[in-house]
Amino acid sequence: MPRILTQHTLKPDVRRWTGISAIAVAVLMSSEFVVKVAAVGSRPELSDESALAAFTAKVANASLTVIFIDIFLMAALVVFLASLRQLITVARHDLQWVADLSYGSGLVFVAVTLVGDALDAGGALDTVGQSPNGTVIRALIEGHIVMFGSIGGMLTALVVAAAGYVTFASTTLPRWTGWFAFAVAATNLLSVPAIFNGTSSKNLFSAGGPGVTATATFPFLAWVIVVGVVTIRGERHHRERLAERVGHRTAESPVTRPSAV
């Protein structure tokens, strides 16, 4: 009976898992966005607590669905960050501290996002089987939009900026992906001052406004997709080059003839 759990079978292909996790992040984040747009929509102003309570009660199940998807999204993002860190440290061990900066910032981003999800879920659960309290819901929303907005934008900027730096310092990814990472870091930094712009859903660059999604969330999603596609293609090209190299060595090896007795 063949042994399944061996040293060889327990060694996953890091490039493949970087690509798989990146695709998972893209699919989950896209699904989350579709549910938000189609089933949740835009909330009323936080100052109108009665309308806010009624809106939260109406979209409670849809909001919990978004949070449910986000839990799996964060798990896939952890796999992506760990895989990317491994790719970098194998190529340039001396740059491990920069790779750790990207990985550590990503883990903090995941933790902050999950705390924000918990606050958002608390608002939705406040409407289940009881009369919603608009004051409580407002306080929870004001907490989570800062985590998703300014705090998340800064942490994401650290993740992609560090990844972009090691892209130029190593051969892990093509250089153009490094420039793309720096551009994504810059757009994420644009979302940080949104903390001073209030909470109005009509203000494009308010805390938690649509401008934050456009300048922070979507560029980061695009970068994750790009890195995933590039690493998957890199794995295929690496295997092709390795096969060509082995075939070339086999063709050049001299034929050993039996010695005469």
Residue pair Thr89, Gln96: steps toward the side chain to side chain donor-acceptor pair (under 3.5 Å) verdict: CA-CA 5 Å; Thr89 54; Gln96 181 173 346; 5.9 Å; no

Residue pairs meeting side-chain hydrogen bond (donor to acceptor under 3.5 Å, both in side chains), one or both in residues 55-71, sequence neighbours left out, come to none

Residue pairs meeting side-chain hydrogen bond (donor to acceptor under 3.5 Å, both in side chains), one or both in residues 140-162, sequence neighbours left out, come to Arg138-Glu142

Do [X] and [Y] land in one hydrophobic cluster if side-chain heavy atoms of ILVMFWY residues count as linked below 4.5 Å?
| X | Y | value |
| --- | --- | --- |
| Val136 | Leu125 | no |
| Phe180 | Phe80 | yes |
| Tyr165 | Trp176 | yes |
| Val227 | Met29 | yes |
| Trp17 | Ile23 | no |

Please table the atom pairs, donor to acceptor, closer than 3.5 Å between any side-chain atom in residues 112-119 and protein atoms at least two apart or in another chain.
{"residue": "Thr113", "atom": "OG1", "partner": "Phe109", "partner atom": "O", "Å": "2.7"}

Looking at every non-hydrogen atom in both residues, tell me the closest pair between [X] and [Y] and how far apart they are.
| X | Y | result |
| --- | --- | --- |
| Ile137 | Pro132 | CD1-CB, 4.0 Å |
| Val184 | Pro219 | CG2-O, 3.6 Å |
| Leu28 | Ala76 | CD1-CB, 4.4 Å |
| Ala99 | Ile88 | CB-CG2, 3.8 Å |
| Val224 | Ala22 | O-CB, 3.4 Å |
| Ser83 | Val14 | O-CG2, 3.3 Å |

Is a side-chain donor or acceptor of [X] paired with a backbone partner of [Y] at a separation under 3.5 angstrom?
| X | Y | answer |
| --- | --- | --- |
| Ser105 | Ser102 | no |
| Asp126 | Gly122 | no |
| Thr177 | Leu173 | no |
| Arg92 | Val166 | no |

Tell me, with the steps shown, if Asn188 and Leu158 meet side chain to side chain contact (heavy atoms under 4.5 Å, CB included). CA-CA 9 Å; Asn188 271 266; Leu158 276 174; over 6 Å; no

What's the verdict on side chain to side chain contact (heavy atoms under 4.5 Å, CB included) for Leu77 and Phe220, showing C-alpha distance, side-chain angles and the deciding distance? CA-CA 11 Å; Leu77 186 58; Phe220 178 65; 4.0 Å; yes

Point-to-point distance, once rounded to the nearest 0.5 Å, from [atom1] of [X] to [atom2] of [Y]:
| X | Y | atom1 | atom2 | result |
| --- | --- | --- | --- | --- |
| Ile20 | Thr231 | CD1 | OG1 | 9.5 Å |
| Ser31 | Phe72 | OG | CZ | 12.5 Å |
| Ser191 | Asn197 | OG | CG | 11.0 Å |
| Leu155 | Met147 | CG | CE | 11.0 Å |
| Thr199 | Leu46 | OG1 | CG | 4.0 Å |
| Glu32 | Ile69 | CD | CD1 | 6.5 Å |

Applying side chain to side chain contact (heavy atoms under 4.5 Å, CB included) to Ile232 and Arg16, what does each step give before you reach the verdict? CA-CA 6 Å; Ile232 288 178; Arg16 181 176 300 174; over 6 Å; no

[X] versus [Y]: any side-chain heavy-atom pair under 4.5 Å?
| X | Y | result |
| --- | --- | --- |
| Thr167 | Arg175 | no |
| Leu81 | Val159 | yes |
| Ile141 | Leu52 | yes |

Quick one: side chains of residues 206-216, donor-acceptor pairs under 3.5 Å with protein atoms, not counting sequence neighbours, listed by atom name and distance.
{"residue": "Ser206", "atom": "OG", "partner": "Ser200", "partner atom": "O", "Å": "2.7"}
{"residue": "Ser206", "atom": "OG", "partner": "Asn203", "partner atom": "O", "Å": "3.2"}
{"residue": "Thr215", "atom": "OG1", "partner": "Gly211", "partner atom": "O", "Å": "2.9"}

Applied to residues 95-110, the salt bridge (Lys or Arg N to Asp or Glu O under 4.0 Å) test, sequence neighbours excluded, yields Arg85-Asp100

Evaluate the criterion side chain to side chain donor-acceptor pair (under 3.5 Å) for residue pair Ser131 and Asn133; output intermediate values, then yes/no. CA-CA 7 Å; Ser131 298; Asn133 188 321; over 6 Å; no

Taken in chain and number order and not counting sequence neighbours, the residues that satisfy ring pair (Phe, Tyr, Trp, His ring centres under 6.0 Å) with Phe168 are Trp179, Phe182

